[in-house]
Every structure is written in structure tokens, then in C-alpha cells.
Amino acid sequence: MGEKKMIKKQFAVIGLGRFGSSVCKELYKLGHQVLAIDSKEEKVNDMTRHSTHSAIANGTDEKALQSLGIRNFDYVIVAIGDDIQSSILCTLLLKEFGVANVWVKAQNYYHERVLEKIGADRIVHPEQDMGIRIAQHLTSEKIVDYIELSADYSIVELIATDKVANKSLIDLDVRAKYGCTILGIKRGEDINIAPTPTDQIEKGDILIVIGHKNDLKRFEDEGM
């Protein structure tokens, strides 16, 4: 299985607290172009080694954002901390600039409601999302990672057991039996993101599976 070459994207991260810094570092580590932005000089200085570019700027300053060419980025992540008003204003400006993908960290339910109304493309709750992931890890030895897409649908990474080892995808027939779809197979450092029906699974492979939560649970319990 060959590894598909990653397409590099341009990201801007506004707000370099714990969440913003973590996102910034990981995107940069993955080889993407990353602009790190914060109003505090010390936070920006801390990110110079973990970003392509960095800038001291206020996320609510329209002229500052324009001068940074913010509208040209593929994704902008608004990770402004406890200042909900600044988070909302920054998001509003980004959408007015025409930024295609604006992901925003929400503090609470009411913050999320406002972000939805002004057009945030994705709203994240880092603490809540991490809590869900940890709970999934604690309750299943088969789950490596878990991403909640909506109230009903998720993506999970499952460790291939003896039950599925040396079987092809067509043998497993996961979609027909469980209503799930295997998006990819990870084996060591390699990842096959377009597996064919004849590709065989080895014990220890990581299966990347998408589906309704009930179907994923059934596949985990019965199919694996």
C-alpha cells in the first residue's frame, strides 16, 4: 500500500493559548503553511519556531487582518480564549472577508449559537471533544481514535483483530452488513486512503471507518 502525497494547505491560527498553540504546532509539523497570530508579543515569539510566519495583531482589527492577507488562507482557526466578544467579532470579520473555512473554538452553548448564526463553518469544543475521545479509549481496547462529526455520525480508528486478519474488504462486506464504510487502512507508517475491495487486512492494521454511531458500535462489537 503506497502513501499518497499530502497536499499542503495554508492555515492561519488567531489566538495562541494552549489550544491555538497546539493546533499551530501540529499543522506546522505536518508540513503545512501556518501563520500564527496573537496580540501578545511573547506568545507570538514562542511560536516562531513552530510556524511559517508569525504576527503580532489583534484578531478584531480589520485593517491588521487585511494587511496579513487573511482572505487568502484555506482555513482560519479562531482560537481566542475567554474573550467571547472578540471571538465573535473576529469570526464575523473573517466571513465578511470571504474566508472559505473558518473554524472557531467555542466557550459554551450560547457562544456556539452566536457563531452558528454569523456563519462559522465549524465550531469546536476542545475540552468536550477530548472528553469524548478519552471516554471512547477507556471503554474499548479496539478504538485508537474517535472523531465526532455530528450528533449521529463519527469516524473511528479500529485496530484489526484476529477476526478480520487475512480477509479482504470484499470478504468483510462491512457496508452491506453494518452500514459503515472503511475509508482507509493504516499499516505502520503507510496509509492507504483508497482501499480496493481486494485489499487484505493484516492483524494490527488500523481501519479508518465512518458511519452512524450505532452502526460503528455494532461493527466494533460484532465484526471485530
Side-chain angles (χ1 to χ4, degrees), residues 5-137 145-150 155:
K5 190 175 180 181
M6 181 185 68
I7 299 172
K8 292 185 179 181
K9 296 178 180 178
Q10 289 190 316
F11 295 88
V13 180
I14 301 175
L16 302 175
R18 283 185 299 175
F19 173 68
S21 297
S22 177
V23 171
C24 193
K25 288 177 181 177
E26 191 63 24
L27 289 170
Y28 184 67
K29 192 191 301 181
L30 291 170
H32 294 290
Q33 299 284 315
V34 184
L35 170 62
I37 303 169
D38 198 281
S39 58
K40 295 181 179 177
E41 184 177 359
E42 63 271 21
K43 289 187 176 182
V44 174
N45 290 339
D46 288 342
M47 281 295 109
T48 52
R49 294 183 297 107
H50 307 289
S51 59
T52 316
H53 305 286
S54 56
I56 303 168
N58 190 317
T60 63
D61 187 331
E62 186 173 353
K63 289 183 179 178
L65 293 176
Q66 285 180 322
S67 69
L68 291 169
I70 204 78
R71 70 177 71 243
N72 299 319
F73 285 81
D74 298 308
Y75 289 83
V76 179
I77 297 92
V78 180
I80 295 172
D82 296 330
D83 190 342
I84 291 177
Q85 184 175 329
S86 293
S87 168
I88 291 168
L89 181 54
C90 179
T91 303
L92 186 61
L93 288 172
L94 293 170
K95 294 312 297 181
E96 287 181 348
F97 290 156
V99 177
N101 297 287
V102 179
W103 289 37
V104 191
K105 173 187 174 183
Q107 293 296 326
N108 52 48
Y109 171 74
Y110 300 104
H111 187 192
E112 178 180 6
R113 289 284 302 276
V114 176
L115 292 171
E116 286 175 348
K117 289 184 181 299
I118 62 175
D121 298 284
R122 181 76 180 266
I123 300 165
V124 295
H125 300 266
E127 293 82 5
Q128 176 182 316
D129 294 344
M130 184 52 67
I132 292 170
R133 286 188 175 197
I134 289 171
Q136 291 291 335
H137 284 301
D145 204 354
Y146 177 95
I147 300 171
E148 189 170 35
L149 299 176
S150 70
I155 295 175

> Can you tell me how far apart OG (S86) and CD1 (I80) are? Round to the nearest 0.5 Å.
5.5 Å
> How long is the straight-line distance from CG of D74 back to NE2 of H32, given to the nearest 0.5 Å?
9.5 Å
> Which heavy atom in V34 sits nearest to a heavy atom in C24, and how many Å separate them?
CG1-SG, 3.5 Å
> Do you know the tightest heavy-atom contact between S21 and L16?
OG-O, 2.9 Å
> What closest approach, in Å, do A12 and I70 show between heavy atoms, and which atom pair accounts for it?
CB-CD1, 3.7 Å
> Which distance, rounded to the nearest 0.5 Å, do you find between the CD1 of I77 and the CG of L27?
5.5 Å
> Apply the test side-chain contact (heavy atoms from CB on, under 4.5 Å) to residues I84 and V114: give CA-CA distance (whole Å), side-chain angles for both, the deciding distance (0.1 Å), then the verdict.
CA-CA 10 Å; I84 291 177; V114 176; over 6 Å; no
> So does W103 get a backbone contact from the side chain of D121, meaning a donor-acceptor N/O pair under 3.5 Å?
no
> Is a side-chain donor or acceptor of S51 paired with a backbone partner of M47 at a separation under 3.5 angstrom?
yes
> Spell out, as yes or no, whether a donor-acceptor pair under 3.5 Å connects the side chain of R71 to the backbone of F97.
yes
> Where do G20 and A79 come nearest, in terms of heavy atoms and distance?
CA-CB, 3.7 Å
> Hey, mind stepping through I14 and L94 against side-chain contact (heavy atoms from CB on, under 4.5 Å) and telling me if it holds?
CA-CA 11 Å; I14 301 175; L94 293 170; 4.3 Å; yes
> SG/C90 to CG/L65 distance, rounded to the nearest 0.5 angstrom?
6.0 Å
> Donor-acceptor pair, H111 side chain versus Q107 backbone, under 3.5 Å?
yes
> Side chains of F73 and N101: does their closest heavy-atom pair fall under 4.5 Å?
no
> Give the ring-plane orientation class for F11 versus Y75, where under 30° counts as parallel, over 60° as perpendicular and anything between as tilted.
parallel
> Is there a donor-acceptor contact under 3.5 Å from the side chain of T91 to the main chain of S87?
yes
> Would you say that more than 12 heavy atoms from the other residues, nucleotides or ligands in this model lie under 6.0 Å from the CD of E96, or not?
yes
> Check the pair V78 / V102 against side-chain contact (heavy atoms from CB on, under 4.5 Å), numbers first and verdict last.
CA-CA 7 Å; V78 180; V102 179; 4.1 Å; yes
> Quick one: pull up CD in Q66 and CG in D61 and give me the separation to the nearest 0.5 Å.
9.5 Å
> Looking at E41, I want to see if its CD is surrounded by more than 12 non-hydrogen atoms of other residues, nucleotides or ligands under 6.0 Å.
no
> Counting only N and O atoms by type, is there a donor-acceptor contact under 3.5 Å from the side chain of S67 to the main-chain atoms of A64?
yes
> Give me the atom names and distance for the closest heavy-atom approach of L115 to I123.
CB-CD1, 3.7 Å
> Can you tell me how far the CD1 atom of I88 sits from the CD atom of Q85, to the nearest 0.5 Å?
7.5 Å
> Identify the two heavy atoms, one from Q10 and one from N72, that lie closest to each other, and give their separation to 0.1 Å.
OE1-O, 3.5 Å
> Can L68 and I37 be said to form a side-chain contact (heavy atoms from CB on, under 4.5 Å), step by step?
CA-CA 10 Å; L68 291 169; I37 303 169; 3.8 Å; yes
> Would you find a donor on one side and an acceptor on the other, under 3.5 Å apart, between the side chain of K95 and the backbone of V99?
yes
